[in-house]
Amino acid sequence: MVLQKYVVLDIEGTVCAISFVKDVLFPYFLKALPDILSLHFSSSPPPDLQLYIDAFPPTVRTSYDSLYMYIRDLTIADKKIPELKALQGYVWRKGYEVGELKAPLFPDVYKVLDIWTGANCFTKSKRSVFIYSSGSVDAQILLFAHTEQGDLTKGIQGYFDTVRAGLKTDPASYVRITNQIGDDVDPREILFLSDNVNEIVAAKEAGWEAYLVERPGNAPLSEEDRKAHKVIQNFESLI
Ligand SMILES: CSCCC(=O)C(=O)COP(=O)(O)O
């Protein structure tokens with residue numbers, strides 16, 4: 001039996017409700033988008049914004065309307081593509097910094113993160129915690145820095161997104177993360193928690209231990225999923 005010294009957490013549907021992303025973060029982004037694009041097409045666009053916009057295909061960057069519709073449609077379809085995720089993080093930064101956005105993590109997440117990584121944690125309970133999400137690394141750090149219970153980033157050892165690691169449904173991404181966590185890390189020492197069964201399957205193929213997380217508001221799990229994978233409803237069952 002191998003002890004899982006490392007825990008890798010998905011975000012949406014695992015540490016916070018899907019509704020925070022779909023009903024709060026995405027609408028915030030869509031509301032800000034017209035102003036952001038007007039700024040980009042103005043006579044003095046901010047240079048940092050230019051970099052984010054330049055990542056979109058040249059054919060859609062030709063006018064405000066085509067770029068607006070392209071980005072809006074990608075957001076509504078919840079496309080997990082890096083240029084969209086990077087721009088979303090850019091827009092959410094202001095929302096978090098002015099206090100308009102705060103991430104409501106599930107109560108057990110705060111409690112268990114403290115047990116795993118807090119200053120008072122016993123050696124036996126200690127875990128190194130990492131995040132792996134389709135949201136950009138910048139957006140992940142913002143979220144954990146602005147939770148309803150304050151800044152949790154001190155307890156998190158590292159962040160992975162699809163740019164750093166690859167697609168979450170590809171076993172090779174989990175192999176890349178294993179190597180980035182440390183040269184001598186045995187994949188069996190890593191526990192992955194996610195609400196997405198395809199991600200759990202990919203992580204297991206890379207040799208990780210992986211549990212499905214069932215939270216209120218998530219898509220229902222099939223009987224087959226429940227038979228094939230360990231399912232948890234609360235991180236407290238891990239301590
Ligand atoms: C941390 S960014 C907000 C969530 C997000 O944009 C997203 O795509 C969530 O993806 P996940 O892989 O965490 O389900």
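Remember, it's 1-based here, ligands and their atoms both numbered in the order they're listed. Throughout, residue positions are numbered sequentially from 1 according to the sequence presented. Values below: all heavy atoms of this structure, side chains included; hydrogens, waters and symmetry mates excluded.
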Honestly, for Y159 the part within reach of ligand 1 (heavy atoms, under 4.0 Å) is neither
Query raised in the report: K168 to ligand 1: N or O pair under 3.5 Å?
Result: yes
If we number the atoms of ligand 1 from 1 as shown, the ones under 4.0 Å from a heavy atom of L25 are 3 (C)
Ranked by distance from atom 1 (C) of ligand 1, the top protein heavy atom is I11 CD1, 3.5 Å
Subject >> N or O pair under 3.5 Å between D195 and ligand 1 >> reply: no
**Message:** Within the 3.5 Å criterion, strictly below it, is a donor on S136 or D138 matched to an acceptor on the partner's side chain?
**Reply:** no
Counting from 1 in the order shown, the ligand 1 atoms closer than 4.0 Å to a non-hydrogen atom of A139 are 1 (C), 2 (S)
Heteroatom distance test (E199, ligand 1): nitrogen or oxygen, under 3.5 angstrom
no
the protein heavy atom lying closest to atom 13 (O) of ligand 1 turns out to be S133 OG, 2.8 Å
inquiry  = With nothing but distance in play, are any N or O atoms of E12 less than 3.5 Å from an N or O of ligand 1?
reply    = yes
Practice problem: Step through the shown structure and confirm whether more than 12 heavy atoms of other residues, nucleotides or ligands are within 6.0 Å of CG on D48. | Solution: yes
Around atom CD of E224, are there more than 12 heavy atoms of other residues, nucleotides or ligands at under 6.0 Å?
no
Is W92 close enough to touch ligand 1? Criterion: a residue heavy atom under 4.0 Å from a ligand atom. yes
Applying side chain to side chain donor-acceptor pair (under 3.5 Å), run through S222 and D225 and close with a yes or a no. CA-CA 5 Å; S222 67; D225 294 339; 3.2 Å; yes
If you scan protein heavy atoms around atom 5 (C) of ligand 1, the nearest is K85 NZ, 3.6 Å
Note: ligand 1 atoms sitting under 4.0 Å from heavy atoms of K80 are 7 (C), 8 (O), 9 (C), 10 (O)
> Do R215's NZ or CZ and the ring of F106 fall within the cation-pi criteria of under 6.0 Å and 45°?
Replying inline: yes
Ranked by distance from atom 14 (O) of ligand 1, the top protein heavy atom is D10 OD1, 3.2 Å
Inset, instruction - Count the heavy atoms of every other residue, nucleotide or ligand shown that sit under 6.0 Å from NZ of K80, and state whether that count exceeds 12. - result: yes
Is the positively charged end of K168 above the ring of Y132, judged by distance under 6.0 angstrom from the centroid and angle within 45° of the axis? yes
Point to revise | ligand 1 to D78 polar contact by distance, N or O atoms, under 3.5 Å | key: no
The ring-ring contact (aromatic ring centres under 6.0 Å, His included) partners of Y90 (sequence neighbours excluded) come to Y52
(Q) Less than 6.0 angstrom separating the ring centers of Y159 and F130, yes or no? (A) no
